[in-house]
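Just below is one structure, and these are the notes that go with it.
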Amino acid sequence: MPVPSPLSIAETRTRLRADHERLLAILRASRPDDPPRSARFHPAYVCVALYRLSNHLFRAGHRRSARLLWHLNLVLTGADISEPADLGPGLVVMHPPGTAIMGTAGRNLTVMACAGIGGELGRREDVGAGPGLAILGDDVVLEPHSGVLGPVRIGHRVRVGAGIAIARDVPDDTCVEWPQPRYLPRKDRP
Amino acid sequence: MNPDCRRHGHHRLRRVREEIRADMRRYMTSSPENLARGDGFLTRLSTLLRPEIVCLALHRTAHWLHVTGWRRAGRAAARLNFLLHKVSITPESCIGPGCRLPHPPGVVFHGRAGEGLTLYSMAVCCAREDRLDGPPEEGPHLGDRVMLGGHAVLMGPIRVGDDARIEFCVGVTKDIPAGTVVARRLRRPTLRPRPEA
């Protein structure tokens, strides 16, 4: 993956602030009777903050320090967000363990449990995010266990349903879903 | 305190111990190999130190602290559980006795469940994407003896009846009646020779 241009400290702080504000808004909406004052120690924010720092160091050319922070993130939160990944402000990783991200995304990406963005074996085309990697638009939601694989373009405001792996382009304002599962009577019911 | 917590008596420390014992009993009787080891002191000790039981014990302690008003301490216990086992079970979640959690890392649970719940690896049971760590009513409400297969997803305030079984890698966002098996609508995978072989 080509090294993107360095991010200034001010830009990294702006992105971190946007991440924190978005997560805090979600937490406050969920707990109106006991609204949290800060989300700085929430695993969802710790994971994003460590990624932002590693991304900042990587873009500034400090690759070893960036990798060290990536390792720390993996050990502490269980999230594998590669340091070259370029993710816009407002990133929320709801349940970090099992999340794997490598690619490019716009603003307000929501990544739910065990979802991921990454390369696919055998496809090395470059659509703008690096060889074999995906590029996502703004306000994309990845539901649990969903994945965006390979060099594909995902439009703005796309919602990828639970358990779906996408390996082709998706236009703007789209919901990608499985057909309804089968409901069968349980024969071994006690 | 929600009615499920009251029903299970989650505000009593004695009840927490009983539920951990029920979890251990379920593990010890879950297979012929485990049954063959007997019920001696060493077997119980080794069962108690299994990640599955430690993880459930930490959650039950976190939930007890939450229900008795020690919310920050409950959240701290849940974070410790997250750090040790990489499992996201919110302290608000109410889980009945006799739970099985064979592979804790990656499991997410936010909601309510009856007794005999089974969560296989990376099973996810959570609220919608615009809710996080809210009241358990925003997550699924599971009946007794529900089984959630590996990588299965239950999302939002849905009801799952008793003895329901959600198979591997199924995503469900609507109610499931009691005694139902939910399976993915899939074609059979095709087998073809590998081109580069």
Side-chain angles (χ1 to χ4, degrees), chain A residues 22-34 36 39 41-44 46-47 74-79 92-99 110-115 121-122 141-146 159-165 177-190, chain B residues 71 75-76 78-79 82-83 85-88 90 92 104-110 121-135 138 145 147 150-155 162-174 176-186 195-196:
Chain A
R22 185 149 180 258
L23 177 65
L24 198 58
I26 292 174
L27 287 171
R28 283 181 174 161
S30 307
R31 296 202 298 248
D33 54 332
D34 177 26
F41 294 103
H42 196 286
V46 172
C47 136
L74 196 63
V75 170
L76 283 181
T77 68
V92 173
V93 179
M94 291 203 154
H95 305 284
T99 302
T110 307
V111 183
M112 297 184 77
C114 305
L121 283 177
V141 177
L142 300 178
E143 287 190 1
H145 289 292
S146 61
R159 184 189 183 97
V160 184
I164 289 179
E177 287 172 346
W178 275 114
Q180 280 295 320
R182 290 179 297 164
Y183 290 75
L184 312 163
R186 190 169 165 179
K187 287 174 186 162
D188 61 338
R189 191 178 178 188
Chain B
R71 294 194 170 199
R75 213 162 285 147
R79 295 275 160 85
F82 175 85
L83 207 59
H85 300 105
K86 300 289 175 282
V87 62
S88 303
T90 52
E92 294 88 357
V107 168
V108 175
F109 191 89
H110 178 74
S121 84
M122 293 200 164
V124 175
C125 195
C126 62
R128 306 285 308 177
E129 81 278 358
D130 53 351
R131 291 283 182 268
L132 186 64
D133 294 357
E138 288 174 351
R145 299 170 299 280
M147 194 214 81
H151 298 248
V153 179
L154 294 179
M155 210 163 70
D162 296 347
D163 300 303
R165 192 184 160 106
I166 295 96
E167 295 286 342
F168 175 79
C169 215
V170 177
V172 182
T173 51
K174 64 176 196 176
I176 301 172
T180 307
V181 177
V182 186
R184 200 165 176 171
R185 210 176 276 278
L186 267 188
E196 63 266 35

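Sequence lines set the chain letters: A, B, ... in the order given, protein chains first and strands last, and positions in each chain run from 1. Note that the structure is a prediction, hence the values are computed from the model and not measured.
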Any idea which heavy atoms bring [X] and [Y] closest together, and the distance?
X	Y	value
Leu76(A)	Phe82(B)	O-CE2, 3.8 Å
Val172(B)	Pro181(A)	CG2-CG, 4.4 Å
Asp163(B)	Arg186(A)	O-NH1, 2.8 Å
Leu132(B)	Met94(A)	CD1-O, 4.1 Å
Lys86(B)	Leu74(A)	CE-O, 4.1 Å

A side-chain contact here means heavy atoms from C-beta on lying under 4.5 Å apart; do [X] and [Y] qualify?
X	Y	value
Arg128(B)	Glu143(A)	yes
Pro97(A)	Pro105(B)	no
Arg75(B)	Phe41(A)	no

**Request:** Find the one option among Gly161(A), Pro96(A), Pro43(A) whose heavy-atom pairs under 4.5 Å with chain B are most numerous.
**Result:** Pro43(A)
**Asked** Gly78(A), Pro144(A), Gly98(A): which one forms the most heavy-atom pairs within less than 4.5 Å of chain B?
**Response** Pro144(A)
**Prompt:** Heavy-atom distance under 4.5 Å to chain B: side chain of Met112(A), backbone, both or neither?
**Reply:** side chain
**Request:** Please flag which part of Leu23(A) lies under 4.5 Å from any non-hydrogen atom of chain B: side chain, backbone, both or neither.
**Result:**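 When you check distances to chain B, only side chain atoms of Leu23(A) fall under 4.5 Å.
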Structural part of [X] lying under 4.5 Å from a heavy atom of chain A:
X	answer
Thr180(B)	both
Asp130(B)	backbone
Val170(B)	side chain

**Option that, when pairs with chain A are counted at under 4.5 Å, heavy atom only, ranks first among Glu167(B), Glu138(B), Arg131(B)** =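 Of the options given, most contacts go to Arg131(B).
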**Message:** Would the distance check show the side chain of His145(A) and the main-chain N or O of Gly171(B) forming a donor-acceptor pair, the cut-off being under 3.5 Å?
**Reply:** no
**Request:** Working to the nearest 0.5 Å, report the span between OG of Ser30(A) and NE2 of His110(B).
**Result:** 7.5 Å
**Request:** Test Glu129(B) against every option in Val92(A), Val111(A), Val141(A) by the side chain to side chain contact (heavy atoms under 4.5 Å, CB included) rule and name the one that passes.
**Result:** Val141(A)
